[in-house]
Amino acid sequence: MRLSVSAVKKINMGNVTIIGGGIIGLCSAYYLQKEGYSITVIDRNDITDGCSFGNMGYMSPSHFIPLASPGIIAEGIKHMLSSSSPFYIKPRLNLDLLQWGYHFWKSSNAKTVLKNAPHLNNILQLSRHLMNDMRKEIGDDFEMEEIGCLMMCKQQQTLDHEFHMADDAEKFGLNVQRLNRQQVQELEPDVELNVSGAVLFKDDCHFHPGKLMLLLKKYFDKKGVQFQLNTTVTGFEKNNNSIAAVITDKGKFDAGNIVLAGGSWLPELTKMMGIHLLLQPGKGYSYTYPFVEKNIKYPAILVDGRCAITPWSNKLRIGGTMELSGINNKVLVNRMKGIYDSAKDFYPGLKIDFPPAEKIWTGLRPVSPDGLPYIGKVSELNNVIIAGGHAMLGISQGTGTGKLVTEIISGRKTSVDISSFKVDRF
Ligand SMILES: Cc1cc2nc3c(=O)[nH]c(=O)nc-3n(C[C@H](O)[C@H](O)[C@H](O)COP(=O)(O)OP(=O)(O)OC[C@H]3O[C@@H](n4cnc5c(N)ncnc54)[C@H](O)[C@@H]3O)c2cc1C
């Protein structure tokens with residue numbers, strides 16, 4: 001609801017302003033509108049592209065190990081010198097990056113992972129569960145398939161490690177299937193594979209993320225959710241310990257409750273409120289082949305190839321890399337080359353050409369230092385909630401995050417314990 005400057009006085013808590021129309025903002029809007037809140041989503045773009053569109057489309061309860069985990073730093077350093085590597089940090093003197101790196105390093109140990117994994121597992125399983133309900137309500141038009149996801153391994157050593165991970169997954173109640181080379185090939189009869197084996201995580205599902213986003217937007221248009229698009233938030237007007245108004249390049253908006261769901265731009269947004277948040281944008285790349293005649297059937301993470309591949313009938317997306325080089329959308333073609341080469345190496349029978357450089361997609365994952373999201377109220381301001389920092393798992397945690405945001409705003413007990421997602425934990 002746009003207001004004149006003088007009208008911005010009293011905060012209406014029945015209104016919620018969501019800043020950011022990515023998967024987290026839209027899932028928050030979904031659950032909030034169901035409870036009768038009046039919603040305005042503000043986004044600087046028109047919600048037709050961005051990180052929530054060009055990703056691999058996995059909902060992965062299998063990913064209960066946070067990104068910050070033992071061995072990841074050594075692995076990262078090993079890859080850093082190659083221009084086609086799946087991991088890169090642009091060396092630069094930036095205090096936020098140094099602080100982020102310090103907390104990432106501090107979190108990358110077995111003790112912290114053991115503490116954090118159950119919390120990540122809770123929100124992943126909650127989200128997966130909720131997705132089936134959402135699908136029933138918004139319709140089936142986003143190519144969701146519940147056939148699981150393969151963790152595909154080339155080296156025997158990698159496969160042994162994945163089998164070990166499968167044991168841990170079973171302890172969290174997940175359904176897994178350990179497959180040798182021949183059994184994986186039987187799942188993909190049309191395309192020759194070159195792997196040692198795989199683990200099939202059967203609870204995972206996949207869908208076309210861009211289609212889900214557009215479907216949600218269409219659903220909201222019928223439900224009266226307001227969108228203020230092509231509008232950039234530039235500041236906030238404070239009133240004691242709350243935010244009274246959101247200032248944008250198109251005018252000032254009544255705040256109500258505010259959900260900050262700005263993805264990789266969260267630190268920029270919180271800074272406007274005087275709050276420091278540790279988060280780095282992690283650039284990834286993807287390319288979508290519009291038609292592959294003999295396509296694969298299963299989505300797969302190519303574990304020792306460090307990239308991923310997703311089919312939607314005859315369409316195919318390949319993607320990956322994690323490039324910590326700040327906010328930018330520069331395409332380094334060699335990184336895509338690394339992804340393409342891995343895909344061809346694992347699937348020699350796949351007839352795909354290297355993508356045209358101008359069609360390569362990039363997106364910025366919002367990466368917190370410990371691999372857990374930020375979900376919760378800001379202690380200094382009583383009407384602001386942060387929801388973000390889901391890194392490689394924003395699609396996987398979207399529905400759960402939206403539900404939790406709604407429960408926090410309504411003052412109810414949350415569906416899962418959110419103490420590990422505190423926004424001021426660093
Ligand atoms: C290659 C790749 C593959 C991936 N694959 C998967 C996957 O298979 N499964 C999975 O779970 N996750 C995956 N991810 C991660 C997932 O895409 C992200 O975690 C998720 O999209 C983040 O969603 P978000 O809503 O937090 O942020 P975003 O989608 O980035 O949305 C934030 C929005 O805020 C808006 N905004 C920011 N600042 C302002 C401002 N000042 N004013 C107005 N608007 C503003 C932006 O315009 C943007 O639209 C992948 C990511 C990449 C890059």
Side-chain angles (χ1 to χ4, degrees), residues 17-29 41-63 67 86 123-124 127-128 131 149 204-210 212-213 227-236 246-250 253 259-272 279 281-288 299-301 307-310 317-323 327 329 335-336 339 360-368 373-375 386-402:
T17 306
I18 299 175
I19 300 170
I23 189 69
I24 301 301
L26 294 196
C27 284
S28 301
V41 179
I42 303 179
D43 200 291
R44 65 152 70 103
N45 296 318
D46 61 358
I47 319 192
T48 54
D49 193 11
C51 195
S52 299
F53 284 77
N55 61 71
M56 301 310 294
Y58 304 154
M59 260 200 124
S60 316
S62 57
H63 280 51
L67 179 64
I123 186 168
L124 286 169
S127 302
R128 176 68 189 85
M131 179 46 87
C149 183
D204 288 12
C205 70
H206 73 287
F207 47 76
H208 193 296
L212 171 65
M213 295 290 290
F227 282 87
Q228 186 65 43
L229 302 181
N230 303 307
T231 302
T232 301
V233 172
T234 54
F236 297 96
V246 179
I247 303 164
T248 76
D249 60 351
K250 302 269 169 68
F253 293 82
V259 179
L260 290 183
S264 288
W265 295 267
L266 270 175
E268 242 174 67
L269 287 162
T270 58
K271 195 173 171 195
M272 295 173 198
L279 187 136
K283 197 200 289 172
Y285 294 74
S286 77
Y287 175 74
T288 310
I301 293 178
C307 64
I309 185 159
T310 309
R317 182 170 289 175
I318 58 173
T321 81
M322 177 66 92
E323 197 185 297
I327 300 259
N329 57 6
R335 302 240 177 269
M336 194 68 213
I339 296 169
I360 296 172
W361 175 92
T362 65
L364 297 173
R365 307 175 183 90
V367 188
S368 71
Y374 294 111
I375 306 172
I386 295 178
H390 299 76
M392 312 162 80
L393 294 169
I395 300 299
S396 303
Q397 300 176 71
T399 44
T401 302

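Both ligands and their constituent atoms are indexed starting at 1 by order of listing. A quick note: this is a predicted structure, and the numbers were derived from the prediction, not measured.
Close approach of ligand 1 to Tyr285 (heavy-atom distance below 4.0 Å) involves ligand atoms 1 (C). Atoms of ligand 1 found under 4.0 Å from any heavy atom of Trp265 (numbered from 1 in listed order, with element): 30 (O), 37 (C), 38 (N). Listed by number with element, the atoms of ligand 1 under 4.0 angstrom from any heavy atom of Val233 are 40 (C), 41 (N), 42 (N), 43 (C). Here is the list of ligand 1 atoms found below 4.0 Å of a heavy atom in Tyr58: 7 (C), 8 (O), 9 (N), 10 (C), 11 (O). Ligand-side atoms of ligand 1 in range of Gly22: 25 (O), 29 (O), 31 (O), range being under 4.0 angstrom from any heavy atom. Atoms of ligand 1 lying under 4.0 Å from at least one heavy atom of Asn45, given by number and element, are 47 (O). Every atom of ligand 1 with a heavy atom of Gly20 under 4.0 Å away is listed here by number and element: 33 (C), 34 (O), 35 (C).
The closest approach between a heavy atom of Phe53 and any atom of ligand 1 is not below 4.0 Å. Within the 4.0 Å heavy-atom shell around ligand 1 one finds Thr231. Between Gly50 and ligand 1 there is no heavy-atom distance shorter than 4.0 Å.
Ranked by closest heavy atom to atom 26 (O) of ligand 1, the top entry among Ile24, Asp49, Leu229, Asp46 is Ile24. Considering only non-hydrogen atoms, atom 5 (N) of ligand 1 lies nearest to Met56 out of Gln228, Gln397, Met56, Arg44. Nearest-heavy-atom check against atom 22 (C) of ligand 1 across Ser127, Gly262, Pro366 picks out Pro366. Relative to atom 12 (N) of ligand 1, the option among Met59, Met392, Met272 with the closest non-hydrogen atom is Met392. Considering only non-hydrogen atoms, atom 29 (O) of ligand 1 lies nearest to Ser52 out of Ser52, Gly263, Gly235, Ser396. Considering each of Ala391, Ser286, Cys51, the one bringing a non-hydrogen atom nearest atom 15 (C) of ligand 1 is Ala391.
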*asked:* For a side chain to side chain donor-acceptor pair (under 3.5 Å) check, start with the C-alpha distance between His63 and Ser396, then their side-chain angles and the critical distance, and finish with the verdict.
replied: CA-CA 9 Å; His63 280 51; Ser396 303; over 6 Å; no

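Considering backbone and side-chain N/O atoms, Ile23 comes within less than 3.5 Å of an N/O atom of ligand 1.
Screening Asp204, Ile395, Ile301 for a side chain to side chain contact (heavy atoms under 4.5 Å, CB included) with Ser60, the sole residue that qualifies is Asp204.
Around atom CG of Asp249, more than 12 heavy atoms belonging to other residues, nucleotides or ligands sit under 6.0 Å away.
In terms of protein heavy atoms, atom 48 (C) of ligand 1 is closest to Asp43 OD2, 3.4 Å.
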